[in-house]
Amino acid sequence: MTTPAPNEPQQFSLSVVRELARNSSRIFRLLSRSRPGLVFALAGLLLLSSLLPFLISGSRGYLINELILVIGGGFSAKLFIGLAVFLGTTALFSFAHTLSQHFTALFRFFLSERFEISIVSKAKDLDISTAEDPSHNDLFQRVQESGYWRIQNFAERQFFIFQNILEVAIAAVILLYAAWWILPVVLLGVIPELITEMKYGRWVWGIWSGRAELRRRYFSLRQHFEHAPSLSEIKIFQNAPYLISVIQGIFRTFRKEEEVAERRKLYASLVSLLASNAAMLLVIVWLVFATLRGEILIGTFTFFLASMYDFRQSLSGLFQNLGAQYQDNFFVSDVFRFLDLPPQITTPNAAITLQRDLTPEITFEHVTFRYPGASRDALTAFSLTIAPGEKFALVGANGAGKTTIVKLLARFYDPQSGRITVNGHDLKTINLESWYYQIGAIFQDYNRYHLLVKESIALGRTDRTHDIQSIKDAAKSSEANAFIEEWEQQYEQMLGKEFEGGVEPSVGQWQKLALARTFYRDPRILILDEPTSAIDAEAEANIFEKLEQLPKDRTVILVSHRFSTVRHANRIGVIEGGRLTEVGTHEALLEKNGTYARLFKLQAKGYR
């Protein structure tokens with residue numbers, strides 16, 4: 001079946017019903033395989049809870065009939081049986097309800113963990129090229145906002161629909177026994193409620209999907225009020241009133257559409273209630289006159305009346321649950337569409353595994369690459385070889401292609417033409433885990449982990465137990481030890497002011513911690529993309545002195561705007577417009593008097 005575009009509301013159709021059935025089946029199979037005991041226990045309790053209300057109303061009607069027959073004559077055996085059944089079923093119903101609540105809570109705990117972990121795990125497995133693809137942004141946004149709770153509601157509601165169906169079936173048999181025409185009359189009166197729920201579900205999904213970009217703007221602006229650095233700029237520039245007015249305008253635009261949908265639902269609900277109450281009134285009048293004619297006993301009248309209300313309530317509940325299920329189905333489909341996203345970066349089954357203790361040679365062979373949706377190439381016929389153990393630096397203006405080289409080297413993307421080889425093997429044929437084991441990288445947008453200091457640094461290599469001495473050595477190499485040892489808890493210090501006892505490192509301190517992670521990893525190939533942009537000059541000089549002291553078989557690839565940081569590299573490459581225009585040592589490039597020499601002299605002039 002062709003899946004409609006994410007931003008197009010689906011009309012109620014057979015294809016939507018099939019999709020709903022497919023999602024329900026997929027979730028049920030997952031639950032049955034993972035927690036079969038819990039599933040069957042909950043199903044059994046719901047079956048019992050469906051039967052008991054009718055047993056209660058039936059025994060109550062029987063008890064009333066017997067009471068009328070024996071008034072003034074004392075107890076009878078039938079009266080005692082009726083009383084015992086009524087009291088027993090009432091008590092059993094309370095126990096079944098309590099147990100079903102308990103199992104439903106366990107069920108909810110399991111679902112929230114299962115789907116949250118599934119979503120996080122899928123995000124981990126996603127290619128960076130997929131994550132950065134604009135065509136997937138709306139889907140990611142909806143999954144992040146709705147996440148597991150909608151799929152949790154969808155899964156949980158399946159059991160209540162099962163209970164509704166059982167209750168409707170039992171009540172239908174009773175009403176058919178009372179009079180054949182009662183069932184179709186009540187059914188026709190309640191059907192408008194189903195139509196209302198279905199329409200409302202489609203309207204809401206249309207708003208949520210059609211306004212995805214508007215919601216992204218809303219959350220993007222709102223987050224500036226949630227972080228201290230952003231708030232600092234907002235206060236100084238005195239632009240809080242303006243930003244709040246923009247947020248309020250977006251919020252009101254979105255809510256206005258929701259109010260329209262709610263108003264439509266109200267009108268439709270009033271009409272459906274009118275039809276339902278008219279049908280009920282007709283049946284009640286008939287039952288009253290049948291009782292007055294002596295065709296049914298008073299207790300039987302109460303039983304039929306209770307069964308009719310149970311039928312209406314169960315059918316209404318079934319329609320409401322189906323309507324909610326219909327609405328949530330679109331979000332559930334989004335989650336499954338997210339979980340089923342195919343990888344864009346693939347490797348063959350017999351991928352090559354790199355030797356861990358050997359630093360490889362890296363070669364770019366006439367590589368041309370363009371980002372999805374871009375109008376021009378980020379790299380054009382780019383060729384470069386980096387020898388094992390070489391300290392190679394890349395310089396160039398913003399947008400020249402420096403970070404693109406790093407992304408291609410990490411195989412976040414594949415080039416459109418040309419190839420990248422590692423020890424002569426095309427990077428596409430290499431097992432990525434074995435390749436990543438060789439690499440340590442710090443990017444411009446490095447992560448800030450709110451963990452203990454030692455844990456944050458040890459994330460550099462989680463496949464080994466924490467070695468506190470290696471952690472301290474890595475901190476020393478990154479110049480992070482100076483401030484860590486000033487903190488009260490030192491390497492046991494919690495990072496993040498929002499946590500109890502936590503401290504908030506400065507921007508430069510966060511960058512040094514990120515560098516410490518990279519040093520702790522002790523990779524064969526160290527990739528540093530603007531690694532000292534927020535670090536003072538003295539610390540920067542010390543860090544690069546540590547880099548020069550790395551073992552001779554360690555490769556360093558350095559991307560930087562600061563020419564003071566690259567001058568000691570074995571070779572320096574200049575990138576202009578996605579092309580490698582100059583390569584050589586610092587001295588050779590100065591003698592060439594080209595782009596590198598011009599930019600170096602401009603920076604040097606700024607220091608004089």
Side-chain angles (χ1 to χ4, degrees), residues 1 3-4 6 8-32 35 38-39 42-43 45-47 49-50 100-101 103-105 107-108 110-112 114-115 118-119 142-143 145-169 187 190-209 258 261-262 264-265 268-269 272 276 311-340:
M1 183 187 74
T3 304
E8 296 177 2
Q10 302 180 41
Q11 301 293 329
F12 181 74
S13 64
L14 188 59
S15 63
V16 176
V17 173
R18 283 199 297 264
E19 183 183 40
L20 196 155
R22 186 167 57 251
N23 288 340
S24 299
S25 175
R26 183 170 176 176
I27 289 177
F28 184 76
R29 288 197 306 270
L30 185 150
L31 297 175
S32 299
R35 291 291 189 276
L38 184 60
V39 169
L42 189 54
L45 284 169
L46 292 176
L47 173 61
S49 297
S50 302
S100 64
Q101 283 185 321
F103 282 112
T104 299
F107 184 72
R108 193 177 296 119
F110 162 70
L111 280 175
S112 61
R114 179 58 185 264
F115 285 106
S118 295
I119 290 171
R142 291 196 299 273
V143 170
E145 290 178 0
S146 300
Y148 69 84
W149 69 268
R150 279 194 180 272
I151 209 167
Q152 174 182 306
N153 290 347
F154 186 89
E156 189 176 323
R157 202 179 290 115
Q158 287 181 264
F159 290 94
F160 296 122
I161 289 174
F162 168 70
Q163 182 180 6
N164 291 148
I165 292 172
L166 288 175
E167 291 170 345
V168 168
L187 186 60
V190 182
I191 279 179
E193 292 187 32
L194 174 62
I195 300 172
T196 300
E197 291 298 330
M198 291 297 186
K199 281 189 175 181
Y200 179 70
R202 178 165 54 81
W203 289 333
V204 169
W205 191 83
I207 292 171
W208 274 79
S209 63
E258 285 190 321
E262 284 291 343
R264 290 177 178 175
K265 184 187 178 184
S269 296
S272 63
S276 177
F311 177 81
R312 179 199 176 184
Q313 185 175 358
S314 299
L315 195 60
S316 178
L318 174 62
F319 288 170
Q320 288 177 5
N321 282 327
L322 286 174
Q325 205 76 335
Y326 175 82
Q327 176 181 330
D328 281 349
N329 179 61
F330 300 116
F331 295 94
V332 172
S333 294
D334 281 337
V335 172
F336 283 139
R337 195 175 294 119
F338 171 77
L339 295 176
D340 294 339

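Quick caveat, the model's predicted, so the values are computed rather than measured.
- Put simply, the side chain of Phe336 reaches to within 4.5 Å of the side chain of Ile27, judged on heavy atoms.
- Ser24 places a side-chain N or O within donor-acceptor distance of the main-chain N or O of Leu20, the cut-off being under 3.5 Å.
- With contacts defined as side-chain heavy-atom distances shorter than 4.5 Å, the pair Val332/Arg26 does not qualify.
- Of all heavy-atom pairs between Phe28 and Gln158, the closest is CB-NE2, 4.2 Å.
- Remark: Glu167 CD to Phe162 CZ distance equals 10.5 Å, nearest 0.5 Å.
- There is a side-chain donor-acceptor pair under 3.5 Å between Ser333 and Glu19.
- A donor-acceptor pair under 3.5 Å is formed between the side chain of Asn321 and the backbone N or O of Gly317.
- Remark: side-chain polar atoms of Ser272 are paired, donor with acceptor, to backbone N or O of Ser269 under 3.5 angstrom.
- Within the model, atoms CD1 of Ile161 and CD1 of Ile165 stand 7.0 Å from one another, a figure rounded to the nearest 0.5 Å.
- Between Asn329 and Asn23, the shortest heavy-atom contact is OD1-ND2, 2.6 Å.
- In the model, Gln152 has no side-chain atom that pairs as donor or acceptor with a side-chain atom of Glu156 under 3.5 Å.
- One finds the CZ atom of Phe331 at 11.5 Å from the CG atom of Asn153 (value rounded to the nearest 0.5 Å).
- Val39 approaches Ser32 most closely through the heavy-atom pair CG2-N, 4.3 Å.
- Residues passing the ring pair (Phe, Tyr, Trp, His ring centres under 6.0 Å) test with Phe103, sequence neighbours excluded: none.
- We find the CG-CZ distance between Leu322 and Phe160 to be 14.0 Å, quoted to the nearest 0.5 Å.
- Separation of atoms CZ (Arg312) and CG (Leu315) is listed at 10.5 Å; rounding is to 0.5 Å.
- Between atom CG of residue Leu42 and atom OG of residue Ser49 there is a gap of 9.0 Å, rounded to the nearest 0.5 Å.
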